[in-house]
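Structure first, then comments.
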Amino acid sequence: LKYIQGPPVLSWLLGHEYELANQAEVGDLEFKWFRDYGTVFRSAGCCGEDILMVSDAEALHHILNTGGYRYPKTKDAVRFIRQISGRGLTWAQGVVHQRHKKALSPAFSESQLRLLLPLFQMYSEKLALRWRERFADNQIIDISHWLPKVTLDVLGSFDFQFGSLDDKASDLRVALQTMFASSQRPSKFTTLLRAWKRALPDSIVEWFEAVYVTEEDIRFKAYVDAAKGAARDLLDKNTSNLSANGEKITQESHDYLKGVEGKKDMLNMLLRSKAAEDPKKRLDDDEVLSQVSTMIFAGFEITACTLTWIIYELSRNLEDQQMLRAEIDAVREKRGDDAGLTSNDYDSMPFLNACIKEGLRLHPGVQFTTRKADLDDVVPLSQPVVSTSGEVMKKIPVMKGQRVHIAIAAYNRSPSVWGPDADQWKPSRYLDSASESKKQQSMIGVFGNVMSFGSGVRACIGWRFAVIEMQAILVCLLTQFEFQLPPGGLDIQTVPLRSMNAPMLRGKLDQGLQMPLVVKRRGRADA
Ligand code: HEM
């Protein structure tokens, strides 16, 4: 890759890896480098490794969509995922990934997820009730503290009963919330250790990890053990209730699904895949338990964080908040006050969905992901770049083994896709057919042309789940409350926290995730 331009390298040992992982504001360095060098550039890994940084639409499509399994996750990423969530879908590779996906996909189909809507609505209402019980009108509420309670309770409703909104104690919840307490910003030593683990044979790394156990390792294990333990209890309890055709008999805790034929919720799909006779669909015991730790880990906090960002943007852009509320009120009025809203109602609200897309675009929960070329390849570009010798390049040849940085956040802000206002909050870009963003659809991603849920064969399996959940929570909260920035405004900094881009108050990073907003009750819902 030497002929591709890139920022100067100040340290052969650390390359840009330490700098990138320790940026004050997430993305600052990448966004600047993509502006300076184009949609593809070369950055330095530790010990002289070259990394291909990619935000180009066609290149991303080639690697993630056309490439299928030819650009797998790197082996250190796979090992790390196994450590934090076990042998679940995010860990699986190639044919094993196909088998996992076949077993789980029915639980994430649109028709199945629509059945969960009453559940999402129930927990949203419970959150609104808690706010009314505990806070006076016009009080400041740290919404980043409350939203994860809803998204965790929703995931836990498959019988785990986290009870976050009821302040119930839960070992699993505590293990989950503290698992990254000692791994915020990697030190130089940790950066190098990770690089060596990437380069060394698996057997040596496994030996090393067995003798050198860090505080981080202990926390990860505590979470995986707690999640698998809870999952084992749950599955054992329900296996005895399995009817002859593999259908779980309705439990009291699944009242919301009572009477629904052919249920394909997560629990049922896991029970079925454990009992499946077809080896292409069967999951072993540990794989089944790992799906539970995987879904909880991958699903709850990132959805809450995205919602926090959306409500923050709506508080900074009060006209958009009013417009969205007017859209919601109009649909409610048409349906009649007592009728519950349906998924069709949510889908019929263009501005609601535009705000969700814009929140995901500007504040993607995952900043980047990494892949490795499994073959020698030529990657096409939609935006040519200029080489170190001044040549215009429309394609980049890559060698087998090349590490590729998939720059999710930088693609989402790429002016060549979104236009010159790519850095600004502007939900109307999805509605206005003349806008740059509408014209430049690049067929990437799974929702609204944004990369925030990934793309291709490894795209987020939970994206519909997250979208329906965000629709339900936003509609409930905006119906009952108005949100405003506190007097004097907020100085928010985007900080890498766990695997997310988290909002924190500048100068108060030690206080963790924060989004204190003035929450005003609306008259209608008080009635
Ligand atoms: C706003 C919310 C969410 C965002 C932004 C998000 C983002 C992502 C991204 C970017 C990936 C791909 C990572 C890669 O290519 O390396 C991914 C994968 C995944 N997500 Fe999500 N996610 C969200 C919600 C959820 C939810 C609610 C669940 C489960 C209930 C979930 C489960 C998963 C799983 C299991 C994978 C791995 C898929 C595979 O490898 O085949 N996610 N997510």
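Start at 1 and go down the list; that is how both ligands and their atoms are numbered. Not measured: the values here are computed from a predicted model. Residue indices begin at 1 and follow the sequence shown.
- Sorted by first and then second residue, the ring pair (Phe, Tyr, Trp, His ring centres under 6.0 Å) pairs involving residues 81-103 (not counting sequence neighbours) are Tyr69-His97.
- Residue contacts with ligand 1: Thr369 is placed with a nitrogen or oxygen under 3.5 Å of a nitrogen or oxygen of the ligand (distance criterion only).
- With a 6.0 Å cutoff to the six-membered ring centre and a 45° limit on the axis angle, Arg130 does not count as a cation-pi contact of Trp146.
- In this structure, CG in Leu513 is found 6.5 Å from OG1 in Thr308, a value given to the nearest 0.5 Å.
- The closest donor-acceptor contact from the side chain of Gln23 to the backbone of Leu20 lies under 3.5 Å.
- Here atom 21 (Fe) of ligand 1 has protein N, O or S atoms under 2.8 Å from it, and they come to 1.
- Of the polar atoms of His97, at least one N or O is found under 3.5 Å from an N or O of ligand 1, judged by distance alone.
- A distance-only check finds no donor-acceptor pair linking the side chain of Lys101 to the backbone of Ile461 [under 3.5 Å].
- Of the polar atoms of Thr303, none of the N or O atoms is found under 3.5 Å from an N or O of ligand 1, judged by distance alone.
- Comparing Leu64, Thr306, Thr151 against atom 1 (C) of ligand 1, the shortest heavy-atom distance belongs to Thr306.
- Remark: Phe120 engages Phe465 in a ring-ring contact (aromatic ring centres under 6.0 Å, His included) (not counting sequence neighbours).
- Of all the heavy atoms of Arg371, the ones lying under 4.0 Å from any atom of ligand 1 belong exclusively to the side chain.
- When hydrogens are left out, the protein atom nearest atom 12 (C) of ligand 1 is Arg458 O, 3.7 Å; that is the closest non-hydrogen contact.
- The backbone of Ala459, and not its side chain, has at least one atom closer than 4.0 Å to an atom of ligand 1 (non-hydrogen atoms only; backbone = N, CA, C, O).
- Distance from atom 37 (C) of ligand 1 to its nearest protein heavy atom, with residue and atom name: Thr90 CG2, 3.0 Å.
- Under the rule for a side-chain hydrogen bond (donor to acceptor under 3.5 Å, both in side chains), Ser124 has no partner lying at least two apart in sequence or in another chain.
- In this structure, the protein non-hydrogen atom closest to atom 5 (C) of ligand 1 is Ser452 O, 3.5 Å.
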Q | salt bridge (charged side-chain N to carboxylate O under 4.0 Å, His left out) between Asp76 and Lys197, intermediate numbers included | A | CA-CA 7 Å; Asp76 58 315; Lys197 283 187 183 177; over 6 Å; no
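- Ion pairing between Arg99 and Glu287 holds under the 4.0 Å rule for side-chain N and carboxylate O.
- A donor-acceptor pair is defined here as one N or O able to donate and one able to accept, closer than 3.5 Å; such a pair exists between the side chain of Ser55 and the backbone of Thr39.
- Residue-ligand proximity, Phe465 to ligand 1, at heavy-atom distances under 4.0 Å covers atoms 27 (C).
- One finds a salt bridge joining Arg316 and Glu313 here, because a Lys/Arg side-chain nitrogen approaches an Asp/Glu carboxylate oxygen to under 4.0 Å.
- Among Glu301, Met295, Met470, Gln98, the residue whose heavy atom lies closest to atom 29 (C) of ligand 1 is Met295.
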